Enquirer: 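The structure follows.
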Amino acid sequence: MEYAVEIRTEIRKCMQKKGYNLSNFAKASTITSSHLSSLLSERPSRPLSVHQLDRINFTLNNPEGCFYELYVDECFLSGKPHRSRVKPFFVTLRGVGQKELY
């Protein structure tokens, strides 16, 4: 599950660079610390949603669409597209004008 590790590693690096730990990031992002811990673990129990990724980017003050290139792999677990991930992601991509990813 290299895809899962890559996006999560980049998010954790960005959190650390901006001085966040799990607890204060959870408060700032309004994602519970237990849920955030599960989402960012190296062996996640489930993939990130595009809404969660956008919430993380907003909290980190990253530009809209940051990490979307890494998120593409998140939509295709075990080579199978997950409709609940793919559709919102494409809608979001279209809204921010990142047509080069689809």
Side-chain angles (χ1 to χ4, degrees):
M1 285 198 177
E2 189 174 311
Y3 64 88
V5 174
E6 189 173 352
I7 191 170
R8 285 158 176 79
T9 299
E10 292 304 314
I11 290 169
R12 285 192 303 270
K13 281 182 193 175
C14 200
M15 285 171 57
Q16 185 178 23
K17 186 177 181 181
K18 296 193 179 191
Y20 283 109
N21 62 32
L22 194 64
S23 178
N24 61 20
F25 189 79
K27 281 184 183 177
S29 68
T30 67
I31 300 172
T32 65
S33 57
S34 61
H35 193 71
L36 190 61
S37 177
S38 173
L39 288 172
L40 296 180
S41 74
E42 290 187 19
R43 305 193 101 192
S45 57
R46 62 183 178 195
L48 287 162
S49 72
V50 72
H51 175 74
Q52 291 162 334
L53 183 59
D54 287 342
R55 164 91 34 223
I56 289 167
N57 276 324
F58 179 80
T59 304
L60 292 171
N61 201 28
N62 286 339
E64 190 173 22
C66 186
F67 302 125
Y68 279 5
E69 287 185 34
L70 297 174
Y71 186 74
V72 170
D73 291 330
E74 192 81 9
C75 294
F76 298 91
L77 297 176
S78 306
K80 299 177 191 174
H82 285 256
R83 184 181 177 112
S84 64
R85 304 267 182 262
V86 174
K87 185 177 178 183
F89 181 51
F90 284 153
V91 169
T92 302
L93 282 177
R94 191 173 191 139
V96 297
Q98 290 200 7
K99 293 179 183 176
E100 65 273 5
L101 291 179
Y102 65 93

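Note that the coordinates shown come from a computational prediction; the quantities given were computed from them, not determined experimentally.
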Enquirer: CG/Asn61 to SG/Cys14 distance, rounded to the nearest 0.5 angstrom?
Expert: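 Interatomic distance, Asn61 CG to Cys14 SG, rounded to 0.5 Å: 9.5 Å.
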
Enquirer: With distance as the sole test, does Asn57 use its side chain to make a donor-acceptor pair with the main-chain N or O of Glu64 at under 3.5 Å?
Expert: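 Checking the backbone N and O of Glu64 against the side chain of Asn57, no donor-acceptor pair under 3.5 Å is found.
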
Enquirer: Working to the nearest 0.5 Å, report the span between CG of Asn21 and NZ of Lys27.
Expert: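 It comes to 9.5 Å.
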
Enquirer: Flag the pair Gln52 / Leu39 as yes when at least one side-chain heavy-atom distance between them is below 4.5 Å, and no otherwise.
Expert: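 In contact.
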
Enquirer: Distance check, rounded to the nearest 0.5 Å: Ser29 atom OG versus Tyr20 atom OH?
Expert: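 Between atom OG of Ser29 and atom OH of Tyr20 there are 8.5 Å.
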
Enquirer: Show the nearest heavy-atom pair for residues Gly19 and Asn24, with the distance to one decimal.
Expert: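 Heavy-atom minimum between the residues: O-ND2, 4.0 Å.
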
Enquirer: With no hydrogens and no angle check, is any side-chain donor or acceptor of Arg55 less than 3.5 Å from a backbone partner on Ile31?
Expert: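 Flag not set: sc Arg55 to bb Ile31 has no pair under 3.5 Å.
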
Enquirer: Would you give the length of the straight line joining atom CD1 of Ile11 to atom CG of Leu53, rounded to the nearest 0.5 angstrom?
Expert: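 That separation rounds to 5.5 Å.
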
Enquirer: For residues 13-24, pull every pair meeting salt bridge (charged side-chain N to carboxylate O under 4.0 Å, His left out), keeping only residues two or more places apart or in separate chains.
Expert: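 Listed once each, the pairs are Glu10-Lys13.
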
Enquirer: Determine, using the 4.5 Å side-chain heavy-atom cutoff (strictly less than), whether Phe58 and Leu70 are members of one ILVMFWY cluster.
Expert: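 As far as the 4.5 Å side-chain criterion goes, Leu70 and Phe58 are not connected within one cluster.
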
Enquirer: To the closest 0.5 Å, what do you measure between CG (Leu36) and CZ (Phe25)?
Expert: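 Result: 6.0 Å between the selected atoms.
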
Enquirer: Looking only at side-chain N and O atoms, does Tyr71 offer a donor or acceptor that is under 3.5 Å from a partner on Asp54?
Expert: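 Asp54 vs Tyr71: no donor-acceptor pair found between side chains.
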
Enquirer: Could you tell me which residues satisfy side-chain hydrogen bond (donor to acceptor under 3.5 Å, both in side chains) with Ser38, sequence neighbours excluded, listed by chain and number?
Expert: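 By the side-chain hydrogen bond (donor to acceptor under 3.5 Å, both in side chains) rule, Ser38 matches Ser45.
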
Enquirer: In Å and rounded to the nearest 0.5 Å, what is the CG to CD1 distance from Asn62 to Ile56?
Expert: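 Interatomic distance, Asn62 CG to Ile56 CD1, rounded to 0.5 Å: 10.0 Å.
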
Enquirer: Can you see whether Glu6 engages Thr9 through a side-chain donor-acceptor pair at a distance of less than 3.5 angstrom?
Expert: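 Their side chains do not contain a donor-acceptor pair, so the 3.5 Å distance test is not met.
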
